[in-house]
Amino acid sequence: MKKQHPSPLWAESINLWLDSLKAAGYSPNTISTRRCQMSALSRALEGDPRDVEGDDLLAHFAAKDWKPETRKGAKNACVSYFRWLKASGRSEADPSEFLPTVKRPEPHPRPCPDVVILAALRKATDGERLMLRLGAECGLRRFEIAKVHSRDVMRDLVGWSLVVVGKGDKQRIVPIGDDLALLIRSANGYLFPGR
């Protein structure tokens, strides 16, 4: 992703705000995304960030044809920045408090049909079959599948479980069958070693 630069009058405060996010332990991906979001906002609104009013932000967000997740992310960045600007004494007002709550539709599950999974399993290599099973049976995401390690399998009261570290470094425990546990444990390391 090309690094986007903020408007000159916003640059110093955006960089200091991003430093506050780093200090708070935000991930590099989140910080990069927030940089892009606020750089785009600074170029759209121009001027001094201390002169931004609630109506300016409302007009900016209303003019965008964004999907709900994009709109929510951009709003979160905006609110975080302007709250920090006020809390740090760099501005007297927080124009983001006038932004409305972003309505997000409830996501609906989109499971892959069994017939498609079975067809894929029939054509897959051993490694691909293991990847497909981790996705279909355990609900793992691609990057979670890529990180599976034999040490992640643990015995519990009813059989075996897999410790999965997902988005936002959140950990969850997923029950797995004996045969899948044996396959993962027999790897003696990463299931899919690589970069």
Side-chain angles (χ1 to χ4, degrees), residues 1-113 116 134-136 138-147 163-174 195:
M1 179 186 304
K2 183 180 169 190
K3 186 173 179 181
Q4 303 220 357
H5 298 286
S7 173
L9 291 175
W10 294 58
E12 182 182 356
S13 62
I14 286 177
N15 288 330
L16 289 170
W17 166 68
L18 291 170
D19 284 345
S20 77
L21 297 183
K22 286 179 194 170
Y26 282 75
S27 76
N29 284 343
T30 299
I31 291 169
S32 176
T33 300
R34 296 294 185 246
R35 176 189 308 280
C36 289
Q37 290 163 328
M38 288 309 299
S39 293
L41 180 68
S42 73
R43 289 191 308 276
L45 298 182
E46 297 179 335
D48 191 309
R50 294 171 294 193
D51 296 333
V52 173
E53 295 183 359
D55 289 343
D56 301 324
L57 293 178
L58 281 171
H60 174 75
F61 278 85
K64 297 297 180 185
D65 186 26
W66 286 329
K67 294 193 178 205
E69 286 300 323
T70 304
R71 186 173 301 281
K72 184 169 179 57
K75 182 197 173 203
N76 288 346
C78 181
V79 168
S80 172
Y81 170 76
F82 281 107
R83 279 186 185 163
W84 172 85
L85 206 62
K86 183 178 178 186
S88 66
R90 289 172 171 81
S91 177
E92 293 180 13
D94 173 6
S96 71
E97 65 189 13
F98 299 103
L99 290 174
T101 302
V102 175
K103 183 171 171 39
R104 278 178 31 192
E106 281 297 315
H108 300 290
R110 296 178 299 168
C112 186
V116 174
L134 287 166
C138 304
L140 270 63
R141 298 173 176 97
R142 286 180 300 179
F143 81 95
E144 294 170 340
I145 292 170
K147 295 190 304 183
V163 178
V164 180
V165 179
K167 289 171 70 173
D169 209 26
K170 292 184 180 152
Q171 192 178 77
R172 68 184 190 280
I173 308 294
V174 178
R195 288 185 292 119

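Throughout, numbering of the chain's residues begins at 1 and tracks the sequence.
Pairing each heavy atom of Ser42 with each of Ser7, the nearest pair is OG-N, 2.8 Å. Minimum heavy-atom separation, Pro95 to Glu53: CB-C, 3.5 Å. Closest approach of Val164 to Val174, counting heavy atoms only: CG2-CG2, 3.9 Å. Between Asn15 and Arg35 the shortest heavy-atom distance is OD1-NH1, 3.3 Å.
The ring-ring contact (aromatic ring centres under 6.0 Å, His included) contacts involving residues 28-65 comprise Phe61-Trp66, where partners must be two or more places apart or lie in separate chains. Counting only residues at least two apart or in different chains, salt bridge (Lys or Arg N to Asp or Glu O under 4.0 Å) contacts with residues 73-96 are absent.
With sequence neighbours excluded, the residues that form a side-chain hydrogen bond (donor to acceptor under 3.5 Å, both in side chains) with Glu69 are Arg104. For the side chain to side chain contact (heavy atoms under 4.5 Å, CB included) test, residues two or more places apart in sequence or in another chain that qualify with Ser80 are Trp17, Leu21. Listed by chain and number, the residues in a salt bridge (Lys or Arg N to Asp or Glu O under 4.0 Å) with Asp48 are Arg50 (sequence neighbours excluded). The side-chain hydrogen bond (donor to acceptor under 3.5 Å, both in side chains) test applied to Thr30 returns Ser27, not counting sequence neighbours. For Pro113, the side chain to side chain contact (heavy atoms under 4.5 Å, CB included) criterion is met by Val115, Val116, not counting sequence neighbours. The salt bridge (Lys or Arg N to Asp or Glu O under 4.0 Å) test applied to Glu12 returns no partner, not counting sequence neighbours. The side-chain hydrogen bond (donor to acceptor under 3.5 Å, both in side chains) test applied to Ser91 returns no partner, not counting sequence neighbours. Listed by chain and number, the residues in a side chain to side chain contact (heavy atoms under 4.5 Å, CB included) with Ser13 are Pro49, Tyr81, Trp84, Leu85 (sequence neighbours excluded). Applying the salt bridge (Lys or Arg N to Asp or Glu O under 4.0 Å) criterion to Arg141, with sequence neighbours excluded, gives Glu144. Checked against salt bridge (Lys or Arg N to Asp or Glu O under 4.0 Å), Lys22 has the following partners two or more places apart in sequence or in another chain: Asp19.
In this structure, the separation between CG on Asp65 and NZ on Lys67 is 9.5 Å, given to the nearest 0.5 Å. Taking CD of Glu46 as the start and CG of Leu9 as the end, the distance is 9.5 Å to the nearest 0.5 Å. For the atom pair CD of Gln37 and OG1 of Thr70, the computed distance is 8.5 Å after rounding to the nearest 0.5 Å. Between the CZ atom of Arg71 and the NZ atom of Lys103 there is a distance of 13.5 Å, given to the nearest 0.5 Å. Here the CG-CG distance, from Leu57 to Leu41, works out to 6.0 Å after rounding to the nearest 0.5 Å. The CG atom of Asp55 lies 8.5 Å from the CZ atom of Phe98; values are rounded to the nearest 0.5 Å.
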- For side-chain contact (heavy atoms from CB on, under 4.5 Å), just list the numbers for Val52 and Trp10, CA-CA rounded to whole Å, side-chain angles, deciding distance to a tenth of an Å, and then say yes or no. CA-CA 11 Å; Val52 173; Trp10 294 58; 3.7 Å; yes
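Although no hydrogens or angles enter the test, the distance criterion places a donor-acceptor pair under 3.5 Å between the side chain of Arg43 and the main chain of Ser39. A donor-acceptor contact shorter than 3.5 Å links the side chain of Thr33 to the backbone of Asn29.
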